[in-house]
Amino acid sequence: MYPIASKNVAVIGAGAAGLIAAHELRQEGHKVVVFERENQVGGIWVYNPATESDPLGVDPTRNLIHSSLYASLRTNLPREVMGFRSYPFLYKRGSHRDPRRFPGHREVLEYLKDFAVDFKLCGLVRFGTEVWHVGLIENGKWKVTSRKREGNAYNDRNQEKLDEVYDAVVVCNGHYTEPRPAEIPGVEGWPGKQIHSHNYRDPEPFRDQVVVLIGSAASADDISREIAKVSKEVHIASRAVQNGIMGKLAGYDNIYHHSMIESTHGDGSVAFQEGSVVYADIILHCTGYKYHFPFLETNGMVTVDDNRVGPLYKHIFPPALAPWLSFVGLPWKSKWIAGTLSGRLSLPSPKEMMADIQAFYSSMEASGTPKRYTHNMAGYQFEYDDWLAAQCGCLPTEEWRKQMYVETSMRKRSQPETYRDQWEDEHLVRQALADFSQYFSKVPSS
C-alpha cells in the first residue's frame, strides 16, 4: 500500500476533459473544485447560436463566444469510439435524444450531462465562474483568482475577485476558442469579408456568394458541402490538395479544389498557387485554433510558440512544475495525473523528462514536421493512449475500438457524403456492445 496524499486541486473547465479529470481526481482521494465560466457542463459541446463581433476572431476587444459548433454538426466518429471506456456512449430514450451512431452535437452534450449526473460531479463545479489568473506562490502552491459572472457578462470594474490557494492545477479549458486564421498575402487591401469557422453557424450568410474556403480538416469538408447548397461557388484552398484532384469536385457543379492562396488583390481577386484566379465575396478560414491560456502565469516555464505548448512531458507535465501543473484532454491523462499527485505513481526526474521532450522535438525536426503540429497525434494516437494506460496499470485500448476508428477514417475519405449513415462494421459494433456490458453495473444510479 502507498500512503495516500490527498491534495486540493483546481480543475479549469467542465467540458469532457474537465469532467473526467474531476472524476479521476476524486476517485484517487483528492479534493476537487472545477471552475466553469458557463452555466452548465459540456464545454465546447454547448451550442450557442450567437457569434463574435469580429467574425475573423482576431480583435482582442471582441465579445468572446466559447462555442465553435455549427447548427448541423454531427460527430465524425461513431458513438462507440467516442465514449469514456467505463461509461459507454449509448443511446438513451428521450424526447431530445439522437439515436444515430454519428449523432448531432446535442446528443454529445446530453451524454456529458448524464456522466456528470451519474457520477455526482455537478456538486464539484462552480458554474458561471471564470478563472482570471493562476500563478505560482511560495511553497510551490498556486493562487487561483476567479470571478463570478453577472448575468451574461463579466464586469471588470465592479466584479469582486476571489483568491484561493491550491496544491495543484489541471488545465482543461479546451483549445477550440481562439481562432488561428491563415496568413494571406495582400488581404489587407482585399475588399471582401473574412470569417473563421469558429463563427460559422449555418449557410444562410453565404447565399449567392462566391466563397473561398481555406482548410482540409473535418469542419472544412462539412461546411464546404453545406454552403455549396446556397452559394454561387465554393473554392477550397488547401495545402493537402494534389494536382490530380484540382478542379471541380465530383458530384458538385459549384465546388472546386485549388492549391493554397498565392495572393489577394484590391479588385476582389484571389490568386491560387496553381495559377487560377477567382473573384470572391468571402474568405472562410477553416484553419484551426491556437492554444490559449491567458490566465496562466508560470514565469516563462510554460510557453506557447507557434502552437507548441511546452515544454510538456508526454503533452501533459511541464518538468519544472510537475506534477503540480498539468494539461489534460484524455481519460488516461487524468488517471495518470491523479496517481502522480497522490504519490501512487511516480514521474521521471525533471532532467529525464526534459531529455525525453528534447528527443521528441528533435524527431519532429528530423522528419520535417512543423512545430505547430507538436500536439497532433494523428499518426500515433493509440500508441500514445496505450503508453498512458500502461503507466496507470490499465488495459490497452480495445482492438475493436482501434479497428472501428481506422475503418471510419477510411470510409470518411472514400465516402465523405454517406459515411455517417452507411457502414459495414456491424461485427465491431457487436464486439463493442458485448464489451460495454461489463460496465453497466459499475455506473452509480443517479
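It should be emphasised that the depicted structure is a prediction, and the values quoted were computed from it without experimental measurement.
Put simply, the side chain of E38 never gets that close to the backbone of Q40: no donor and acceptor are under 3.5 Å apart. For the pair W324 (side chain) and A168 (backbone), a donor-acceptor distance under 3.5 Å is absent. Using modelled atom types, no side-chain atom of K113 and backbone atom of V108 make a donor-acceptor pair closer than 3.5 Å. Put simply, the side chain of T374 gets close to the backbone of K371: a donor and an acceptor are under 3.5 Å apart. Between the side chain of S263 and the backbone N or O of P185 there is no donor-acceptor pair closer than 3.5 Å. A distance-only check finds a donor-acceptor pair linking the side chain of N173 to the backbone of H292 [under 3.5 Å]. For S197 (side chain) and C286 (main-chain N/O), no donor-acceptor pair under 3.5 Å exists by modelled atom type. Panel note: side chain Y87, backbone Y111; no donor-acceptor pair is recorded below 3.5 Å. Looking at D98, its side chain never comes within 3.5 Å of a backbone N or O of P103 through a donor-acceptor pair. Remark: the backbone N or O of G288 is paired with a side-chain donor or acceptor of H196 at under 3.5 angstrom.
Heavy-atom contacts from other residues, nucleotides or ligands closer than 6.0 Å to CD of E164 number more than 12. The number of heavy-atom neighbours closer than 6.0 Å to CD of E424, taken from other residues, nucleotides and ligands shown, is 12 or below. For CG of D306, the number of neighbouring non-hydrogen atoms (other residues, nucleotides, ligands) closer than 6.0 Å is greater than 12. More than 12 heavy atoms of other residues, nucleotides or ligands lie within 6.0 Å of CE in M301, so this atom counts as buried by the packing criterion. Around atom CD of E183, no more than 12 heavy atoms belonging to other residues, nucleotides or ligands sit under 6.0 Å away. The environment of NZ in K193 is sparse: at most 12 heavy-atom neighbours from other residues, nucleotides or ligands sit within 6.0 Å.
Remark: S219 OG to Y200 OH distance equals 10.5 Å, nearest 0.5 Å.
Between F115 and F119, the ring-plane angle classifies as tilted under the 30° and 60° cut-offs.
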Please output the side-chain donor-acceptor pairs of residues 66-75 that fall under 3.5 Å, not counting sequence neighbours, one pair per line with the distance.
{"residue": "S67", "atom": "OG", "partner": "V46", "partner atom": "O", "Å": "3.2"}
{"residue": "S67", "atom": "OG", "partner": "L69", "partner atom": "N", "Å": "3.2"}
{"residue": "S68", "atom": "OG", "partner": "Y176", "partner atom": "O", "Å": "2.4"}
{"residue": "S68", "atom": "OG", "partner": "H198", "partner atom": "ND1", "Å": "2.5"}
{"residue": "S68", "atom": "OG", "partner": "Y289", "partner atom": "OH", "Å": "3.1"}
{"residue": "Y70", "atom": "OH", "partner": "D222", "partner atom": "OD2", "Å": "3.0"}
{"residue": "S72", "atom": "OG", "partner": "E226", "partner atom": "OE1", "Å": "3.3"}
{"residue": "S72", "atom": "OG", "partner": "E226", "partner atom": "OE2", "Å": "2.6"}
{"residue": "R74", "atom": "NE", "partner": "F102", "partner atom": "O", "Å": "2.8"}
{"residue": "R74", "atom": "NH1", "partner": "D421", "partner atom": "OD1", "Å": "3.3"}
{"residue": "R74", "atom": "NH1", "partner": "D421", "partner atom": "OD2", "Å": "3.2"}
{"residue": "R74", "atom": "NH2", "partner": "F102", "partner atom": "O", "Å": "3.1"}
{"residue": "R74", "atom": "NH2", "partner": "D421", "partner atom": "OD1", "Å": "3.0"}
{"residue": "T75", "atom": "OG1", "partner": "L77", "partner atom": "O", "Å": "2.8"}

Could you check R79 against E107 for salt bridge (charged side-chain N to carboxylate O under 4.0 Å, His left out), going step by step and ending with a plain yes or no?
CA-CA 10 Å; R79 63 170 71 230; E107 177 73 359; 3.3 Å; yes

Determine, step by step, whether Y47 and R201 satisfy the side-chain contact (heavy atoms from CB on, under 4.5 Å) criterion, reporting the C-alpha distance in whole Å, the side-chain angles of both residues, the deciding distance to 0.1 Å, and the verdict.
CA-CA 10 Å; Y47 175 72; R201 297 294 181 268; 3.8 Å; yes

I'd like to know whether I12 forms a side-chain contact (heavy atoms from CB on, under 4.5 Å) with L296, so could you lay out the CA-CA distance, the side-chain angles of the two residues, the decisive distance to 0.1 Å, and finally the verdict.
CA-CA 11 Å; I12 302 175; L296 184 60; over 6 Å; no

What verdict does the side-chain contact (heavy atoms from CB on, under 4.5 Å) test give for V234 and Y252, after you've listed the backbone C-alpha separation in whole Å, the side-chain angles of each residue and the deciding distance to 0.1 Å?
CA-CA 10 Å; V234 179; Y252 287 85; over 6 Å; no

Take S238 and H257 through the test side-chain contact (heavy atoms from CB on, under 4.5 Å) and record every step on the way to the result.
CA-CA 8 Å; S238 169; H257 277 294; 5.9 Å; no

Go through H23 and F84 one step at a time and tell me if the ring pair (Phe, Tyr, Trp, His ring centres under 6.0 Å) criterion holds.
CA-CA 12 Å; H23 172 62; F84 301 137; 8.6 Å; no

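Looking at heavy atoms from C-beta onward, I261 lies out of side-chain contact with V187 at the 4.5 angstrom threshold. Side-chain contact between R411 and T408 is present, with heavy atoms from C-beta onward closer than 4.5 Å. Looking at heavy atoms from C-beta onward, L341 lies in side-chain contact with L25 at the 4.5 angstrom threshold. Between V270 and H235, every side-chain heavy-atom pair lies at or beyond the 4.5 Å cut-off. Using a 4.5 Å heavy-atom cutoff, the side chains of Y380 and W387 are not in contact. I337 has its side chain out of reach of E24: every pair of non-hydrogen atoms, C-beta onward, lies at least 4.5 Å apart. Within the 4.5 Å cutoff, side-chain heavy atoms of K333 are placed close to those of Y384. With a 4.5 Å cut-off on side-chain heavy atoms, E52 and D59 do not count as touching.
Under the salt bridge (Lys or Arg N to Asp or Glu O under 4.0 Å) rule, E80 has a single partner from K402, R101, R401, which is R101.
Across all their heavy atoms, P179 and R62 have their closest contact at CD-NH2, 3.9 Å. Taking each heavy atom of A432 and M404 in turn, the nearest pair found is CB-CE, 4.5 Å. The minimum heavy-atom distance between A228 and S231, with the atom names listed, is CA-OG, 3.6 Å.
The side chain to side chain contact (heavy atoms under 4.5 Å, CB included) check on T418 picks up Q415, Q422, with sequence neighbours excluded. Residues passing the ring pair (Phe, Tyr, Trp, His ring centres under 6.0 Å) test with H375 are Y291, H315, sequence neighbours excluded.
Side-chain contact, E297 with H133: no donor N or O sits under 3.5 Å from an acceptor N or O.
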